[in-house]
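Position 1 is the first residue of the sequence; numbering continues from there.
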Amino acid sequence: VDISHIDLKNNIWKNYAEIPDDGIDNDGNGYIDDFNGWNVESETDAVGSGNHGTRVAGMIGAQGNNGTGVSGVNWDVKMMIIRGQASNNEASVIAAYTYPLMMRKRYNESYGEEGAFVVATNSSWGIDGGDASEHELWCAMYDSLGAYGIINVGATTNDDVNVDIVGDMPTNCTSDYFIGVTMTNSTDLRLETGYGNTSIDLAAPGKTVRLPIAGDSYSNSTGTSFATPCVTGAVALTYS
């Protein structure tokens, strides 16, 4: 995510209990210098740049009523940015989810004095044709997150297939704390994207939506990747 984007920067979460770049875990959460979020691969807070994540963040929470650009579903929100590796790397996925889980757990246990009040995670990525039975730890993370108060939202494939039959990760995970999302157009019709009575919980707009891209710019985007953060932003808005 371009965390300095003019339409996002005021809605990006910062860990103010941490002193940036001093090489010390100031807040004692097990992560050193995690001021801007967390990068699983580099083990730093280097989460900036990238167009896909910038679009996703824009759908959730591009700042509203600021006279520029677009407005996200949730105009006034804090988005915690976590940068993972490949979505077919289960260890990376678990490491990415562990950071918000740890921060919400600290928030709960300290009665809001530490950590962060994370209410939802967004996953605009996955494995087409993925088998949930081969990713049991990944699916189990949603129950762990849910136990501490976090709802999890994930995108299905952009292929017109029944994912109950052909498989899809993470939407084949059966956790009560996970919402699988497919895409509709401006007339509320599902496009050629994944479907399934068991795996897909609802659909949201994701066709030709105007969203931020890196460098204070904007473009039209289409895909379940952008329908999904529409739902995630609504979850957070409900909490607010």
Side-chain angles (χ1 to χ4, degrees), residues 1-14 34-64 66-89 92-93 95-97 99-100 120-128 152-159 168-171 181-186 191-194 203-234 236:
V1 176
D2 178 2
I3 60 176
S4 64
H5 194 288
I6 190 172
D7 230 3
L8 299 178
K9 61 183 181 180
N10 291 333
N11 285 348
I12 299 295
W13 175 84
K14 306 284 188 182
D34 55 318
F35 181 76
N36 289 317
W38 193 245
N39 183 321
V40 169
E41 186 170 15
S42 66
E43 296 190 342
T44 68
D45 71 343
V47 297
S49 78
N51 278 326
H52 185 267
T54 302
R55 293 177 176 128
V56 170
M59 178 61 96
I60 292 173
Q63 186 176 353
N66 62 345
T68 189
V70 298
S71 297
V73 173
N74 197 335
W75 289 12
D76 184 12
V77 66
K78 289 292 177 282
M79 295 177 285
M80 175 187 287
I81 310 303
I82 298 145
R83 184 170 179 168
Q85 294 169 282
S87 60
N88 60 358
N89 183 330
S92 172
V93 171
Y97 279 125
Y99 186 80
T121 68
N122 184 87
S123 301
S124 289
W125 41 263
I127 304 173
D128 288 354
N152 308 277
V153 188
T156 193
T157 179
N158 285 302
D159 295 330
D168 187 61
M169 281 295 295
T171 57
V181 180
T182 192
M183 177 181 66
T184 58
N185 62 15
S186 60
L191 299 181
E192 295 180 351
T193 52
K207 171 68 174 176
T208 317
V209 286
R210 191 76 172 166
L211 295 170
I213 58 174
D216 290 343
S217 297
Y218 301 85
S219 71
N220 292 335
S221 303
T222 294
T224 59
S225 283
F226 314 113
T228 299
C230 182
V231 176
T232 309

Query - Over all atoms of both residues, closest heavy-atom pair of G50 and A214 - result: O-CB, 4.2 Å
Query raised in the report: Counting only heavy atoms not in E192, do more than 12 sit closer than 6.0 Å to its CD atom?
Result: no
Query raised in the report: What's the spacing between M183 CE and L191 CG if we round to 0.5 Å?
Result: 4.5 Å
**Report entry** CD1 on I81 to NZ on K14, rounded to 0.5 Å
**Finding:** 9.0 Å
Query raised in the report: What is the minimum heavy-atom distance between T44 and S42, and which atoms define it?
Result: OG1-OG, 2.7 Å
**Report entry** D34 (side chain) donor-acceptor with G37 (main chain) under 3.5 angstrom
**Finding:** no
Query raised in the report: Looking at S124 and A155, what are the two nearest heavy atoms and their distance?
Result: CA-CB, 4.1 Å
Report summary line: The reported gap from OG1 in T208 to CG in N220 (rounded to nearest 0.5 angstrom) is 6.0 Å
Report task. State, yes or no, whether a side-chain contact exists between T224 and V181 at a heavy-atom distance under 4.5 Å. Result -> no
Query - NZ (K207) with more than 12 external heavy atoms under 6.0 Å - result: no
Query raised in the report: Taking atom types as modelled, is there a side-chain donor on T156 or T182 under 3.5 Å from an acceptor on the other?
Result: no
Requested in this report: Taking the side chain as every heavy atom from C-beta outward, state whether S219 and R55 have any atom pair closer than 4.5 Å.
Outcome: yes
Query raised in the report: So, T157 and D128: side-chain donor and acceptor under 3.5 Å apart, yes or no?
Result: yes
Query raised in the report: If you round to the nearest 0.5 Å, how far is OG of S123 from CE of M169?
Result: 9.5 Å
Query - Check: V56 and N122 side chains under 4.5 Å, non-hydrogen atoms - result: yes
Query raised in the report: With no hydrogens and no angle check, do the side chains of T121 and N152 hold a donor and an acceptor under 3.5 Å apart?
Result: yes
Requested in this report: Compute whether any side-chain donor of one residue and acceptor of the other, for T54 and N51, lie under 3.5 angstrom apart.
Outcome: no
Report summary line: CG of N89 to CD of E41, rounded to nearest 0.5 Å, is 9.0 Å
Requested in this report: Just grab all the ring-ring contact (aromatic ring centres under 6.0 Å, His included) pairs involving residues 43-63, residues at least two apart or on different chains.
Outcome: H52-F226
Query raised in the report: How close do G126 and P170 get, heavy atom to heavy atom, and via which atoms?
Result: CA-CD, 4.1 Å
Report task. Find out whether S186 and P205 are in side-chain contact, i.e. whether some heavy atom of one side chain is under 4.5 Å from a heavy atom of the other. Result -> no
Query raised in the report: Got M80 and Y99 here, is their nearest side-chain heavy-atom distance under 4.5 Å?
Result: yes
Sequence neighbours excluded and cut-off under 3.5 Å, please list the side-chain donor-acceptor pairs for residues 1-13, or say none.
residue	atom	partner	partner atom	Å
D2	OD1	S4	N	3.2
D2	OD1	S4	OG	2.8
D2	OD1	H5	N	3.4
D2	OD2	G215	N	2.9
H5	ND1	D7	N	3.0
H5	NE2	I213	O	3.2
H5	NE2	S217	N	3.4
H5	NE2	S217	O	3.1
D7	OD1	N66	ND2	2.9
D7	OD2	V70	N	2.9
D7	OD2	Y218	OH	3.2
N10	ND2	Q63	OE1	3.0
N11	ND2	G61	O	2.9
N11	ND2	W75	O	2.9

Requested in this report: Kindly indicate whether the side chain of V40, heavy atoms from C-beta on, has any atom under 4.5 Å from the side chain of R83.
Outcome: no
Query - Closest approach of L211 to G58 (non-hydrogen atoms, all atoms of both residues) - result: CD2-C, 4.1 Å
Query raised in the report: Does some side-chain heavy atom of I82 sit less than 4.5 Å from a side-chain heavy atom of P100?
Result: yes
Query raised in the report: Under 3.5 Å, is there a donor-acceptor pair between the side chain of T184 and the main chain of A203?
Result: no
